[in-house]
Amino acid sequence: MDSAESAATEGPAPHEIAFLRGGRRAALTVAVLTLQLSGSVGPARGGMLRTRRPLDDAGADLPALTRAAHASLLHHPADLRQLLVREAVALALIDLRYELTVAGLVPVFLPGRTRAGRRVLRALRAEYPLPGSRRGLSPEDRLLAVALYGDRALTTLMPRFAREGGLAGRRGKATEQKREYGQSWGSGGGFSCGAV
């Protein structure tokens, strides 16, 4: 199932939610985090990212953006800004924007999101408040939190990787915006990647 079908029938996947919230960089951050949680990508020196191992057979089920990020890091480490402009990643981001446009979640010509896109984000944030810690969270819950809340979730849930991989804040400097929000995600429930 492609991203447009996912967004229209099951709800957006984490990288799609991140694109709605924060655009290209946010979507790529979630793609890289997906790879890190699977052990395929890790930090390198100087806030760079590098592959740790090839994708396994399950890699075929990953979103195109995530596969493009992995392929782009295979032979040459990069920081997030460099990764954004690598051809495979840039093309995957163009495709992602197109799919979200077709699904009615982002406008055709302008940046941002449509009324439907804003409604999706509001509903997800109401259902999944920012967790105060990673205790009891599944990897999928962490992805969703980062997709919905960006650097605030990343520095709370994965501070070491955010810092060493140069993912949070401007130019890799992690922000210290941490706020406690309502309930914990770890109590029951959870969410399934691509079926929010």
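If you read the sequence from its start, that first residue is 1, and numbering goes on from there. All heavy atoms count here, side chains included; hydrogens, waters and symmetry mates do not.
- Partner Y98 forms a side chain to side chain contact (heavy atoms under 4.5 Å, CB included) with one of D95, L100, V102 and no other, that one being V102.
- Annotation: side chain of H76 is in contact with side chain of R86 (closest heavy-atom distance under 4.5 Å).
- Taking CZ from R24 and CG from L96, the interatomic distance works out to 10.5 Å, rounded to the nearest 0.5 Å.
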Between F161 and V32, does the side chain to side chain contact (heavy atoms under 4.5 Å, CB included) criterion hold? Intermediate values first, please.
CA-CA 11 Å; F161 183 64; V32 167; 4.1 Å; yes

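- In this structure, OG1 in T29 is found 4.5 Å from CG in L80, a value given to the nearest 0.5 Å.
- Between L93 and F19, the shortest heavy-atom distance links the atoms O-CE1, 4.4 Å.
- Atom CZ of R125 sits about 7.0 Å away from atom CZ of R21, to the nearest 0.5 Å.
- In terms of heavy atoms, L73 sits closest to L49 at CD2-O, 3.5 Å.
- For the pair P131/T156, no side-chain contact is recorded, criterion being any heavy-atom separation below 4.5 Å from C-beta on.
- Using a 4.5 Å cut-off between side-chain heavy atoms of Ile, Leu, Val, Met, Phe, Trp and Tyr, with links allowed through other members, M48 and L83 fall into different hydrophobic clusters.
- Shortest non-hydrogen contact noted between R97 and F109 is NH2-C, 4.2 Å.
- At least one side-chain heavy atom of L130 sits less than 4.5 Å from a side-chain heavy atom of R152.
- When all heavy atoms are compared, the tightest approach of L144 to I17 is CD1-CD1, 3.5 Å.
- Contact of the L35 side chain with the L62 side chain is registered, since non-hydrogen atoms from C-beta on lie closer than 4.5 Å.
- For the residue pair S133 and L137, the shortest heavy atom distance occurs at O-CD1, 3.5 Å.
- Taken from CZ in R163 to OG1 in T155, the straight-line distance is 11.0 Å, to the nearest 0.5 Å.
- Annotation: R134, atom CZ; neighbour count of heavy atoms from other residues, nucleotides and ligands within 6.0 Å does not exceed 12.
- Side chain of E127 to backbone of L124: no donor-acceptor contact under 3.5 angstrom is found.
- The NE2 atom of H70 sits 7.5 Å away from the CZ atom of R53 when rounded to the nearest 0.5 Å.
- Of all heavy-atom pairs between L28 and A69, the closest is CD1-CB, 4.0 Å.
- The side-chain heavy atoms of T34 and P14, taken from C-beta on, include no pair separated by under 4.5 Å.
- Atom CG of L167 and atom CG of D79 lie 10.0 Å apart (nearest 0.5 Å).
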